[in-house]
Structures are given as C-alpha cells and as structure tokens.
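Heads up, the thing below is written out as structure tokens.
A, B, ... follow the sequence lines: proteins, then strands. Residue 1 opens every chain. The analysis underlying the following values was restricted to heavy atoms, covering all of them including side chains, and did not include hydrogens, waters or symmetry mates.
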There are 2 protein chains.
Amino acid sequence: MTKPAGVREAAIPALAEVFREHGYAGASLALLCARAGLGKGSLYHAFPGGKAEMAEAVLDAIGAWFEAELYAPLREEPDPHAAIGRMFHAVKGYFQSGRRACLVGAFALSDDRDRFATRIADYFRAWRDALADALRRAGRDDAAALAEDTVLAIQGGLVLARALDDPMVFGRLLARLETRLNG
Amino acid sequence: MTKPAGVREAAIPALAEVFREHGYAGASLALLCARAGLGKGSLYHAFPGGKAEMAEAVLDAIGAWFEAELYAPLREEPDPHAAIGRMFHAVKGYFQSGRRACLVGAFALSDDRDRFATRIADYFRAWRDALADALRRAGRDDAAALAEDTVLAIQGGLVLARALDDPMVFGRLLARLETRLNG
DNA sequence: CGCCCTCTGTACCGATCGGTACAGCGCCCA
DNA sequence: TGGGCGCTGTACCGATCGGTACAGAGGGCG
C-alpha cells in the first residue's frame, strides 16, 4: 500500500535546505550529496534529470505541503477565522519565526525564476487565492486586496528579518497581520 | 577636482545588473566581464579584491544612491508628506514598476547575507529609520511600526510581482501604501 | 624623444563544476 | 541457492570556475 518511501522522498528535505541556503546556482552537487548523505550515483539514480529535477521535486514537495497544511484549510474549514489563525501558526513554525528564508521567494528574485516559473507562480497564486476565499467567507469585502497584501507582507517580512538579522521583525509582522485579518 | 571617474565607477552599473539577475554565486567572471565590456585584466585592475570587491562596490553604490535620493530627503525635507511622495516616485522608477528585483533583498535571502551582512543591514535600517523620522514629523504616533511595515511590504511586493510575473501587483501595492502613509 | 604609469588582452593555473559510466554491493524472491 | 535488480561508491569526462602573470598598448610629461 504505502509506497516504499524510497530514497527520493527521503532526500528531498535535505536538498531543500541546500537550495534554500545557497540558491539554485550556489547549490553544488557536492553540497547536495553531502547534505543528503548520498553519493552522486545514488542521487542521480533517484533524480535522473540532475540538479534541475532535484529543484523541481523540492518545489513540488513544498507546494504539496502548503496545499495540505494551509490552502486546503483556508478553502474548506467552516470557520474562516480559525483557518486564518491556523495559517499564521503554520507560517510561524515553517519559517522558524523568520530565521528561515522562503525558497520560492528567493527563486523568484533571481533569473532562476524563468526556469521554474509555473511552479513559483502557482505557489503564490494558490496561497493568495485560498486566503482571499477565507476572507470573503469571513465577510471582508476587500478580500482580494487584503489577501495579496498579506502574502506579500510575509515575504517582505522574511527579507527584512534576515537582512536585519532580527527575527523579531517577522514576529511583530505576523502579530500585526493577524489582528488586521482576524480583528 | 572631479575624480577622473575611472573604469571602476563606469563599470559598477553593469556589474550591479549581473548580480541582480544571477545572484552572487551565479554571477561568473565571464558574465561580469562581458556585461562590463572589459577583459579580466581590466576588471581585476579596477577591483583587485575580485568578485567580492565588485559586489561590495555595487552594494556601496546602491546604498549611496538611496541615501542621496531617498533617505536624506525623508530626514531633511521640511514637508514630510512631500518627501514621502517623492520616495514612492523614486521607488517606482528604480524598481521599474516591479519588473526589476532588489539586489539587496535577494542577497539577504541566501547565505550571501553573511558575507555582506553589515551593508545589507545598513541599507534597510537606514531606510526604515529615515521613513520613520518623516512619519513622526508628519504626526503619526505609529511611525516606527508603519515605517517597518512599508519597507517590508515594498520588498514583498517585488517578490510577489516577479513570482506572478505581474508588475501590476507592485503598482497596486505602492498605491495602497501611499494612501496609507499620506492619506 | 624616451620614460613611466595606467590600463588592457591573453594565456594559463589548479580547483571545482554538472554529469556519465560502470563495477559491485546487498536484498528479495524464486 | 542463485539470479536479478535496486541502489551505491568511485573514477573519470570536458567545461568552466575564480584568480594570477605578464607583455604590451597608449597617453602625459620631462
């Protein structure tokens, strides 16, 4: 029943961390192998497409995680306020209170964007639209603009928190956003 | 009187564009040379410290431009509303309405941050503090939080606009921010 | 003119890049 | 017990990496 899990899925979190820390260009095969604890042979057996396929797999895994943990609840949870609260909680945990960067956001800023354009766009579009849906069900008439503002502010918060090396910036932002959205 | 200008300053805009598009790791000497229209010899004569010194020079140039065009007016212009309006106008032009990424923000997201930590932090701290100063003079009691929110939102707007490949996202954001700040 | 000093292109360096080839290990199932 | 196969490490590939050495071009000035 349950897939044999495989080297592939087991390696993805480690690969994700390398891409997150060094960017696509900076993530060398040597780094990828070391972090994954695998030789080149194993890595290329699991990802015949090489570095590009590894990055795609990582983006897919991130997208799937956000879809399951954030977007689906935002769309389907009967109580939109609860779903929004859960979103902030998940975001805080995922980004380690601002210490961890957003891989998708980082890719969007460089020319790696072109290579992974649809995955990157889908990630943010799904987030923005799911949040707008929840806000609409919560009775906000400015749902679309507010959702866009929120998603974008989270990305900016990560940039600024890392730039100033001050996770509090991210924490403060999340608090401000949550009161703006949930009252 | 006026410095002989030199190859150095002439090359900086071209170098900046390469770092902006490809990141620090992705900006190879070959790309840097080609875009600057100089051979390795010339480039290393102007920047004996190599790639790292080029990036530092680019960050310094960006910092100086923002200081002169944005931060100083925010601090010194008698009419804070006018200075804030000028800031939005300059930001819109500089980032080409959201089509162009922020080099400093991109560096902040990867591990290049450590290498250029003080320059990156100074860029954002100066911006946030200058804007807070103007807001305080404009009579806002939430000046500090509002300034932080604004700087961070601009960075997030660039991420989201590039991710969705939709410059309108950035334009809408600037409009929203300007009404929030200047009424 | 002849010297010097700034700037330039080119050849070259060892290291590392992403990627491939392949021999063998161990496990599962017949 | 013995194939077969999923997985692994290692050696190797040409290309490119960031950086250096150096010979000369060019202009200013004595």
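Partner of A:R86 under the salt bridge (Lys or Arg N to Asp or Glu O under 4.0 Å) criterion, chosen from A:E178, A:E77, A:E76: A:E77.
Between A:K51 atom NZ and D:dA15 atom P the separation is 19 Å, expressed in whole Å. Residue A:Y44 contributes atom OH, which lies 10 Å from atom C1' of C:dC17 at whole-angstrom precision. Following rounding to the nearest Å, A:F47 (CZ) and D:dT8 (P) show an atom-to-atom distance of 11 Å.
Taking the side chain as every heavy atom from C-beta outward, A:K51 and A:F19 approach each other to under 4.5 Å.
Remark: A:R128 engages no residue in a side-chain hydrogen bond (donor to acceptor under 3.5 Å, both in side chains) (not counting sequence neighbours). Qualifying salt bridge (Lys or Arg N to Asp or Glu O under 4.0 Å) partners for B:D142, counting only residues two or more places apart in sequence or in other chains: B:R140. Listed by chain and number, the residues in a salt bridge (Lys or Arg N to Asp or Glu O under 4.0 Å) with A:R119 are A:E56, A:D60 (sequence neighbours excluded). Taking the side-chain hydrogen bond (donor to acceptor under 3.5 Å, both in side chains) definition, one finds that B:R125 meets it with B:D122, sequence neighbours left out.
Rounded to the nearest 0.5 Å, atoms CG (B:L158) and CZ (B:R99) are 12.0 Å apart.
Listed by residue number, the members of residues 13-35 of chain A with any heavy atom below 4.0 angstrom from DNA chain D form an empty set.
Ring geometry, A:Y24 versus A:F107: the interplanar angle exceeds 60°, so the pair is classed perpendicular (tilted spans 30 to 60°).
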If the sugar-phosphate is the primed atoms plus P, OP1 and OP2 and the base is the rest, what is the B/S/- string for nucleotides 4-9 of chain C, using protein heavy atoms under 4.0 Å? --SBBB
